[in-house]
Amino acid sequence: MPESFLHWVTAYGPAAIFVLLFLGVFGLPVPDETLLTFAGVLVRRGHLHFLPTWIAAAAGSMGGITLSYLVGRTLGLGAVDRFGRWLHVTRADLARVERWFEHSGRWVLTFGYFIPGVRHFTAIVAGSSSLPAPVFVRYAYSGAAIWSLTFITLGWYVGPAWEVALATAQRHIVVLAFVIAVIAAAYALVHRWWLRRRS
């Protein structure tokens, strides 16, 4: 993680966390999980307070993913051809997320935060598919709150060993998020089947 990011978080606290996560979740090269975990370490040391830190992290994440949704909603997938190289997004990336979106439904917006290379694209796909804004907000914002809380708590819990713990957690959290997404998709399929049967 660039030293400048660490300095900004240490010096400017929640304001820096908000801005960096806004940019990172939108797609710019910001090491989001590292930033959140380091913020948790600062909470443990007493340099930051937990609640403002979490609110700033969640709000920044919500802002970034909302901007991606608006890009998808207004410009569609054509935005990838025009701006993809700036946001590190390719058509292949979007095709993969679209497949996940079809299989796992809206839950990808919630748990996609935990899967590297996915949270940057889920909102573009959701916007281009004209997913209603209230539905997007419900799934994507809850994901932002859970994701930011998870990594801030991790940093607070492990303290000085945060870098090693982060690397270990990321491996297991990706698997866990995938399993939860599959379960959510299965639930959605069974629910739809049940509704059809009753009608």
Side-chain angles (χ1 to χ4, degrees), residues 18-19 21-30 32-33 36 54-151 173-199:
F18 173 87
V19 172
L21 283 173
F22 184 100
L23 297 175
V25 172
F26 179 59
L28 298 182
V30 175
D32 304 314
E33 285 93 352
L36 287 167
W54 180 38
I55 291 173
S61 304
M62 292 170 188
I65 204 166
T66 300
L67 183 57
S68 294
Y69 171 79
L70 292 174
V71 167
R73 186 91 182 204
T74 57
L75 301 178
L77 297 183
V80 176
D81 298 324
R82 296 174 60 186
F83 307 112
R85 63 193 181 99
W86 301 105
L87 303 176
H88 305 282
V89 180
T90 66
R91 281 279 186 174
D93 294 325
L94 284 180
R96 185 174 72 252
V97 173
E98 280 184 293
R99 289 194 297 271
W100 289 357
F101 211 91
E102 290 171 5
H103 294 306
S104 303
R106 299 155 183 173
W107 290 103
V108 171
L109 286 167
T110 302
F111 297 105
Y113 282 91
F114 293 92
I115 304 174
V118 170
R119 63 177 166 269
H120 308 304
F121 313 131
T122 54
I124 294 177
V125 172
S128 66
S129 64
S130 298
L131 182 71
V135 177
F136 167 79
V137 166
R138 185 163 65 249
Y139 285 89
Y141 285 17
S142 60
I146 295 168
W147 173 68
S148 56
L149 177 63
T150 298
F151 284 97
I173 285 175
V174 167
V175 174
L176 179 61
F178 181 76
V179 169
I180 292 173
V182 169
I183 293 172
Y187 170 79
L189 288 172
V190 171
H191 185 64
R192 280 200 296 267
W193 172 81
W194 177 251
L195 289 177
R196 285 197 207 101
R197 187 178 179 186
R198 293 185 62 187
S199 60

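All of these numbers come straight from a predicted model, not from anything done at the bench. What's counted below: heavy atoms across the whole structure, side chains too, no hydrogens, waters or symmetry copies.
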Among Ile65, Val30, Leu36, which one satisfies side-chain contact (heavy atoms from CB on, under 4.5 Å) with Leu21? Leu36

Find out whether Leu109 and Tyr69 are in side-chain contact, i.e. whether some heavy atom of one side chain is under 4.5 Å from a heavy atom of the other. no

Considering only heavy atoms from C-beta outward, does the side chain of Leu131 approach that of Tyr139 to under 4.5 Å? no

Should the ring pair Phe22 and Phe18 be called parallel, tilted or perpendicular, given that the plane angle runs from 0 to 90° and is split at 30 and 60? tilted

So OG1 of Thr66 and CZ of Arg73: to nearest 0.5 Å the spacing works out to 12.5 Å

Take the angle between the ring planes of Phe136 and Tyr141 and call it parallel below 30°, perpendicular above 60°, tilted in between. perpendicular

At their closest point, which heavy atom of Ser61 faces which heavy atom of Trp147, and how far apart are they? OG-CZ3, 3.3 Å

Regarding Tyr113 and Thr122, do their side chains bring together a donor and an acceptor under 3.5 Å, going by distance alone? no

Could you tell me which non-hydrogen atom of Ser142 sits nearest to which non-hydrogen atom of Thr110, and how far apart they are? OG-OG1, 3.7 Å

Tell me, do Phe114 and Ile146 make a side-chain contact under 4.5 Å, heavy atoms counted? yes

Indicate the atoms forming the closest heavy-atom contact of Ala58 with Ala145, along with that distance. CB-CA, 4.3 Å

Report the distance from atom CG of Leu67 to atom CD1 of Ile124, rounding to the nearest 0.5 Å. 9.0 Å

